[in-house]
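Worksheet for the structure shown next.
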There are 2 protein chains.
Amino acid sequence: MQDALIRKLESFEDLTDGDRAALRALVPRVRQVPARTDLIEEGHVPERIHLILDGYACRYKVLPDGQRQIMAYLVPGDFCDLNVFILDQMDHAIGTISPCQVVEISRNAIEEVTAHYPQVTRALWWCALVDEAILREWLVNIGSRQAHQRIAHLFCELLLRLEAVGRVSDNSYAFPFTQTDIADTMGLSDVHVSRTLRELRRLQFITLKRRVLTILDVEQLKAYCGFNPNYLHLRNTRWSARRQVPWLSSSHGA
Amino acid sequence: MQDALIRKLESFEDLTDGDRAALRALVPRVRQVPARTDLIEEGHVPERIHLILDGYACRYKVLPDGQRQIMAYLVPGDFCDLNVFILDQMDHAIGTISPCQVVEISRNAIEEVTAHYPQVTRALWWCALVDEAILREWLVNIGSRQAHQRIAHLFCELLLRLEAVGRVSDNSYAFPFTQTDIADTMGLSDVHVSRTLRELRRLQFITLKRRVLTILDVEQLKAYCGFNPNYLHLRNTRWSARRQVPWLSSSHGA
DNA sequence: CGGGCGCTTGACTGCCTTCAACCCCAGTGG
DNA sequence: CCACTGGGGTTGAAGGCAGTCAAGCGCCCG
């Protein structure tokens, strides 16, 4: 259960037993945080690095007019603020969606590990780069896709990210987000999210009951929203990323 | 002219003469790239790191239906692919907007410098984190603001970023982007961009002639789109970021 | 001088928002 | 046991912001 981070890093590269032991030693005490609670506020200067062990959280900003924009979902194995070492203060807030298990890791502990385990350093850097790649894909999502595809794309992404940390079974995963959360993520109104979900259910793509999301036909849903997993840079999706190159130049065929 | 990178890094922290000399030594040969040319293609594995010395470029993806989404503007002093060290392949492309001076720096050269100049290492890391912060703000921009404010916000951001590398005079800067570029950036149609720009001109916020943008009243434009520069993490904007905290809790006043 | 690209304008359409009412259900307290 | 309450979700009607289509203009450049 606590090995979400290790599982995630191993979806990038192999770790030695020593690497794994070093990562486990990072976790001194686990803090239980209730749902709908800020872990870090905008303008704050965090002293320690926060890591989600279990539960869901999100990055968000609130505009002067009260509008909230969610910019990232944080799932088990995700860091909240690896940037602590450099930046002066948080330019956004982080809040929990569901109850979360969170650990706080001191700068020193991280520096200690990275100094002795280069594989781990690479893997942490990989985390930061994948976070950025996800951000870019979200920009594409909001900027270029319609509401239906936008939400379908989110469901596909969460499926893969949660699979990488062992939180998926039978194409189902916990989905504690409200429709208002989705709306604030996708730049839509909650009313429209409701209608869109109804449509996705009607098309037999998903079921969403009691905060559990089930994707009924993964390949069909991916095709529906044009999902290309290459931006997640997972080992087991690299081949499929290459396989998908042809459809970029599909006009050549036939 | 070639010191865009150094000027930019110094907007984050002071560099010693040694730091500056090491950075200048990084630049072996400058390549001139015409406008509207790909520097790096999606799926490619770049061997060297690309740095923009002069001109404008952008990160973008093209969806299967031909829709292009621009995810970042690269201005003098910006790196294209600091991630070379980690990721397997590019998940997006980078193309020039205007003619560009570009240098390619080998992995070894960067590793050499970062090994000996810790300040430089910090500064490069800062670059990566600011790029990510800009991406988050763009997500807010597309997700939460209307067309007018979106475009105004872009103009404000470019003003500050270009100021940091000495490319602004009298609140004017080079603006080689077409309206179609802006449209693909903002998730709008080019027709609507045209109408929006007309409105921004009518409101006396900007003039845009012969590819030169002039902001007529910076403070008014910032207020119009709710621009908060804290996400750029520039030294000389930190105070103003703190000054702006009050409007987050403006409901307390009066 | 022709051609093409970038830009503009008008008319029409449509995706999505807003407003408002209502339902369902879990938690709470009398 | 049941009334109360509030958050989350659903539905309908009306309207607006922005997209699409199409035509035309101005200008650079071969």
Side-chain angles (χ1 to χ4, degrees), chain A residues 34-37 56 63 65-70 95-99 141-154 174-202 206-213 225, chain B residues 34-37 56 58 63 65-70 95-99 141-154 174-203 206-213 225:
Chain A
R36 308 288 158 182
T37 308
Y56 297 77
L63 298 188
D65 64 0
Q67 171 81 281
R68 177 183 64 156
Q69 176 69 43
I70 293 177
T96 60
I97 299 289
S98 67
N141 207 25
I142 294 194
S144 301
R145 286 189 261 258
Q146 311 259 80
H148 299 245
Q149 281 79 10
R150 252 184 245 184
I151 294 180
H153 193 279
L154 176 67
F175 196 87
F177 305 97
T178 66
Q179 295 187 353
T180 304
D181 291 332
I182 303 176
D184 290 348
T185 305
M186 295 301 178
L188 299 167
S189 67
D190 48 1
V191 173
H192 199 63
V193 169
S194 175
R195 290 190 233 272
T196 305
L197 287 178
R198 196 217 300 153
E199 181 69 6
L200 291 179
R201 272 189 282 246
R202 196 188 64 75
I206 59 157
T207 62
L208 179 48
K209 278 183 273 195
R210 277 184 298 272
R211 312 267 109 135
V212 172
L213 181 82
C225 61
Chain B
R36 309 289 159 181
T37 307
Y56 297 76
C58 69
L63 297 189
D65 64 359
Q67 170 81 281
R68 177 182 65 156
Q69 177 69 43
I70 293 177
T96 59
I97 299 289
S98 66
N141 207 26
I142 293 195
S144 301
R145 285 189 261 258
Q146 312 256 81
H148 299 242
Q149 281 80 10
R150 252 184 246 184
I151 294 179
H153 194 279
L154 176 68
F175 196 86
F177 305 97
T178 66
Q179 294 187 355
T180 304
D181 291 333
I182 303 177
D184 290 347
T185 305
M186 293 302 179
L188 299 166
S189 66
D190 48 1
V191 173
H192 198 63
V193 169
S194 174
R195 290 191 232 272
T196 305
L197 287 178
R198 194 216 302 153
E199 181 69 7
L200 291 179
R201 274 190 278 245
R202 197 188 61 77
L203 291 168
I206 59 157
T207 62
L208 177 50
K209 277 181 275 196
R210 277 183 299 273
R211 311 267 112 132
V212 172
L213 181 82
C225 61

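Residue numbers start from 1 in every chain, and the chains themselves are labelled A, B, ... in the order their sequence lines are given, proteins ahead of strands.
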Report task. Look at all strands and tell whether A:Arg210 reaches a base, only sugar-phosphate, or nothing, counting heavy atoms closer than 4.0 Å. Result -> nothing
Query raised in the report: What are the 5'-most and 3'-most nucleotides of DNA chain C lying under 4.0 Å from any heavy atom of chain A?
Result: C:dC15 to C:dC19
**Report entry** B:Phe175 and B:Ile182, any side-chain heavy atoms less than 4.5 Å apart
**Finding:** yes
Return all side-chain donor-acceptor pairs below 3.5 angstrom for residues 192-200 of chain A, not counting sequence neighbours, or 'none' if the list is empty.
{"from": "A:Thr196", "atom 1": "OG1", "to": "A:His192", "atom 2": "O", "distance (Å)": "2.7"}
{"from": "A:Glu199", "atom 1": "OE1", "to": "A:Arg202", "atom 2": "NE", "distance (Å)": "3.3"}
{"from": "A:Glu199", "atom 1": "OE2", "to": "A:Arg202", "atom 2": "NH2", "distance (Å)": "3.0"}

Requested in this report: Would you mind listing every salt bridge (charged side-chain N to carboxylate O under 4.0 Å, His left out) that reaches into residues 179-192 of chain B, with sequence neighbours excluded?
Outcome: B:Arg36-B:Asp181, B:Arg68-B:Asp181, B:Arg68-B:Asp184
Query - Within residues 141-150 of chain A or reaching into it, pairs that qualify as salt bridge (charged side-chain N to carboxylate O under 4.0 Å, His left out) - sequence neighbours excluded - result: A:Glu137-A:Arg145
**Report entry** Under 4.0 Å protein heavy-atom contacts per nucleotide of nucleotides 14-30 of chain D, with B for base, S for backbone only and - for none
**Finding:** ---SBSBB---------
Query - Rounded distance in Å - CD (A:Glu199) to P (D:dT10) - result: 14 Å
Query raised in the report: For A:Phe177 and D:dG9, what is the distance between atoms CZ and C1' respectively, to the nearest whole Å?
Result: 18 Å
Query raised in the report: Under the 3.5 angstrom rule, does the side chain of A:Thr185 hit a backbone N or O of A:Ile70 as a donor-acceptor pair?
Result: no
Query - Donor-acceptor contact present, side-chain B:Thr37 to main-chain B:Thr96, <3.5 Å - result: no
Report summary line: For B:Ser144, the side-chain hydrogen bond (donor to acceptor under 3.5 Å, both in side chains) test, sequence neighbours excluded, returns A:Gln69
Query raised in the report: With sequence neighbours left out, what residues match B:Ser98 under side chain to side chain contact (heavy atoms under 4.5 Å, CB included)?
Result: B:Tyr56, B:Cys100, B:Pro176
**Report entry** Contacts of type side chain to side chain contact (heavy atoms under 4.5 Å, CB included), residue B:Arg211, not counting sequence neighbours
**Finding:** B:Thr178
Query raised in the report: In degrees, rounded to 10°, what is the bend between the two ends of the helix from C:dC1-D:dG30 to C:dG30-D:dC1, using five pairs at each?
Result: 30°
Report summary line: The reported gap from CG in A:Leu188 to CD1 in A:Ile142 (rounded to nearest 0.5 angstrom) is 8.0 Å
